[in-house]
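This report concerns only the one structure given below.
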Protein chains: 2
Amino acid sequence: MNSLAQETPLQPSYPVDEETVEAAFLASKALLGVVARSIAPTLDNITLPQFRVLVVLRSTGPMKMSALAEWIAVQPSTFSRTVDRLVTKGWVTRQPNKDSRREILVTATPHGAELVDAVAERRRKELRHILATLTPADQAQVTLILSRFADAAGEPRADTLLTLGI
Amino acid sequence: MNSLAQETPLQPSYPVDEETVEAAFLASKALLGVVARSIAPTLDNITLPQFRVLVVLRSTGPMKMSALAEWIAVQPSTFSRTVDRLVTKGWVTRQPNKDSRREILVTATPHGAELVDAVAERRRKELRHILATLTPADQAQVTLILSRFADAAGEPRADTLLTLGI
DNA sequence: CCTGATACTTGTACTCTAGCAAGTGTTGCT
DNA sequence: AGCAACACTTGCTAGAGTACAAGTATCAGG
């Protein structure tokens, strides 16, 4: 499938307590629950492979078919039919590219963009709920530590996220 | 699909800074990257719906068909065929239930259990890598805060996690 | 202007998921 | 013993994803 080789960057490395790993592991489960709930209602309307397309479009803007297909890592023929379905359902449109008449631009409709935004919004909302149960002091710590953690993890590569659909 | 209603428990609620929400949001993205990478290699060998079965079995032990099907939230007929495929690939076995000859117990094979464990292990390994870039002081904070966060989020319901496959 | 490469679609084939309906065997209850 | 409920499988149908191969239109370079 995707090439997901994960090499350690040249960075200082400190010993890690297994207790810390376990805490992060459990937190990852909890966050995964949040993510799953945020996307579950949407999956009634769209399949995960289709949703991936919208996610990419939402972050990159209109793209031509071949580039999108490569991004999603499927054959052009497969992708063409996926776009067929997305068009039918009104989530994207095919548009001619003035500069090159053999290329076709895929654009998310407002409807399609909303779908992606709604998922993100549900996620934020639930996070807000969870965080509200923490004291302000703890919240401040969360901000600091989670930011540091996110930095350490690095921005996940787009194709990686696509594995799970967001 | 699943009933994922998310009600706020009776708990103290503090105001939440949007900055904190955003930090958690970004961290959730980062963690999602970790999760996706941990499962990606496995998806070459098994489909997500099939993997879900193994995940459930891994945490509950052998279950009878009907209970498993209900857990996964699919029709018994659909599930029967999924088990067919899992059996063919050697990840689970069907076993008669001595106490009730009309029930059939589905059991993960060692091979199947390994598959699930490997994903969890990859996840821990990558988390360890990330945490190693944090200073010991930060790590201590991570343990504390992430634990608190996980507690606040609550153990995600099994059916919720199944949406994404783990 | 021709030719080969590029971009996309269509034809064909296969697998997986999924559900409804019907069938077989088993159990529990009267 | 008989019958209804339960547990599972099988037949059938349908949609979605996926890939390979072939086809059409377009572009770029000689």
Side-chain angles (χ1 to χ4, degrees), chain A residues 1-2 40 42-57 62-107 159 162-165, chain B residues 1-2 40 42-57 62-107 159 162-165:
Chain A
M1 188 178 270
N2 297 334
T42 298
L43 292 184
D44 288 341
N45 301 316
I46 195 174
T47 66
L48 220 39
Q50 288 170 13
F51 188 67
R52 284 172 203 172
V53 178
L54 289 182
V55 170
V56 174
L57 286 177
M63 280 181 84
K64 62 175 189 168
M65 296 284 293
S66 59
L68 250 179
E70 194 176 0
W71 200 243
I72 305 279
V74 294
Q75 295 296 314
S77 63
T78 297
F79 187 67
S80 186
R81 280 183 251 256
T82 297
V83 171
D84 286 347
R85 294 180 191 110
L86 288 169
V87 168
T88 300
K89 294 184 179 173
W91 283 313
V92 305
T93 56
R94 281 186 169 97
Q95 296 188 330
N97 183 350
K98 286 190 182 69
D99 300 334
S100 172
R101 298 204 328 189
R102 63 178 162 178
E103 294 178 4
I104 288 185
L105 287 181
V106 183
T107 310
D159 63 343
L162 291 175
T163 303
L164 289 184
Chain B
M1 187 173 274
N2 297 334
T42 297
L43 292 183
D44 288 342
N45 301 315
I46 195 173
T47 66
L48 220 39
Q50 289 169 14
F51 187 68
R52 284 172 204 173
V53 178
L54 289 182
V55 170
V56 175
L57 287 177
M63 280 182 85
K64 62 176 189 170
M65 296 283 294
S66 58
L68 250 179
E70 194 176 359
W71 200 242
I72 305 280
V74 294
Q75 296 295 314
S77 62
T78 297
F79 186 68
S80 186
R81 281 183 252 257
T82 296
V83 172
D84 286 348
R85 292 181 193 108
L86 288 170
V87 169
T88 300
K89 293 184 179 172
W91 281 313
V92 305
T93 57
R94 279 186 170 98
Q95 295 188 332
N97 183 351
K98 285 189 182 68
D99 300 334
S100 172
R101 297 203 329 187
R102 64 178 163 181
E103 294 178 2
I104 288 185
L105 288 180
V106 183
T107 310
D159 64 342
L162 290 175
T163 302
L164 290 184

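All values derive from a computational prediction rather than experimental measurement. The sequence lines fix the lettering, A, B, ..., with proteins before strands; numbering per chain opens at 1.
Atom C1' of nucleotide C/dC8 and atom CG of A/Leu68 are separated by 13 Å, given to the nearest angstrom. Remark: C1' of C/dA7 and CE of A/Met63 are 14 Å apart, rounded to the nearest angstrom. What separates CZ of A/Phe79 from P of C/dT9 is a distance of 9 Å, to the nearest Å. The NZ-P distance, from B/Lys89 to C/dT15, rounds to 11 Å in whole Å.
The side-chain hydrogen bond (donor to acceptor under 3.5 Å, both in side chains) search around A/Gln50 returns none, not counting sequence neighbours. In terms of the side-chain hydrogen bond (donor to acceptor under 3.5 Å, both in side chains) criterion, A/Asn45 has no residue partners (sequence neighbours excluded).
Counting heavy atoms from C-beta outward, B/Lys64 and B/Asn97 have side chains that stay 4.5 Å or more apart.
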Under 3.5 Å, which N/O atoms of the protein pair with N/O atoms of nucleotides 18-21 of chain C?
residue: C/dG19; atom: OP2; partner: B/Gln75; partner atom: N; Å: 3.2
residue: C/dG19; atom: N7; partner: B/Thr78; partner atom: OG1; Å: 3.1
residue: C/dG19; atom: O6; partner: B/Arg81; partner atom: NH2; Å: 3.1
residue: C/dC20; atom: N4; partner: B/Ser77; partner atom: OG; Å: 2.7

Polar atom pairs (N or O), protein with nucleotides 26-30 of chain C, under 3.5 Å:
residue: C/dT26; atom: OP1; partner: B/Arg101; partner atom: NH2; Å: 2.9
residue: C/dT26; atom: O2; partner: B/Arg102; partner atom: NH1; Å: 3.1
residue: C/dT27; atom: OP1; partner: B/Arg101; partner atom: N; Å: 2.7

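Close approach of DNA chain D to chain B, defined as any atom under 4.0 Å from a non-hydrogen atom of the protein, starts and stops at D/dA5 to D/dC12.
Under a cut-off of 6.0 angstrom, the local environment of CD in A/Glu70 is sparse, with at most 12 non-hydrogen atoms contributed by other residues, nucleotides or ligands.
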Can I get a per-line list of side-chain donor-acceptor pairs under 3.5 Å for residues 72-87 of chain B, giving both atom names and the distance, sequence neighbours left out?
residue: B/Thr82; atom: OG1; partner: B/Thr78; partner atom: O; Å: 3.3
residue: B/Asp84; atom: OD1; partner: B/Arg94; partner atom: NH1; Å: 3.0
residue: B/Asp84; atom: OD1; partner: B/Arg94; partner atom: NH2; Å: 2.9

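What you find for A/Pro62 and A/Leu57 is that their closest heavy atoms are CA-CD2, 4.3 Å.
Taking CG from A/Leu68 and CE from A/Met63, the interatomic distance works out to 4.5 Å, rounded to the nearest 0.5 Å.
Mapping B/Met65 and A/Gln50 onto DNA chain D by nearest heavy atom places B/Met65 at the nucleotide closer to the 5' end.
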Item to complete: Any chance you could lay out the side-chain contact (heavy atoms from CB on, under 4.5 Å) test for B/Ile46 and B/Lys89, step after step, and finish with the verdict?
Response: CA-CA 9 Å; B/Ile46 195 173; B/Lys89 293 184 179 172; 5.6 Å; no
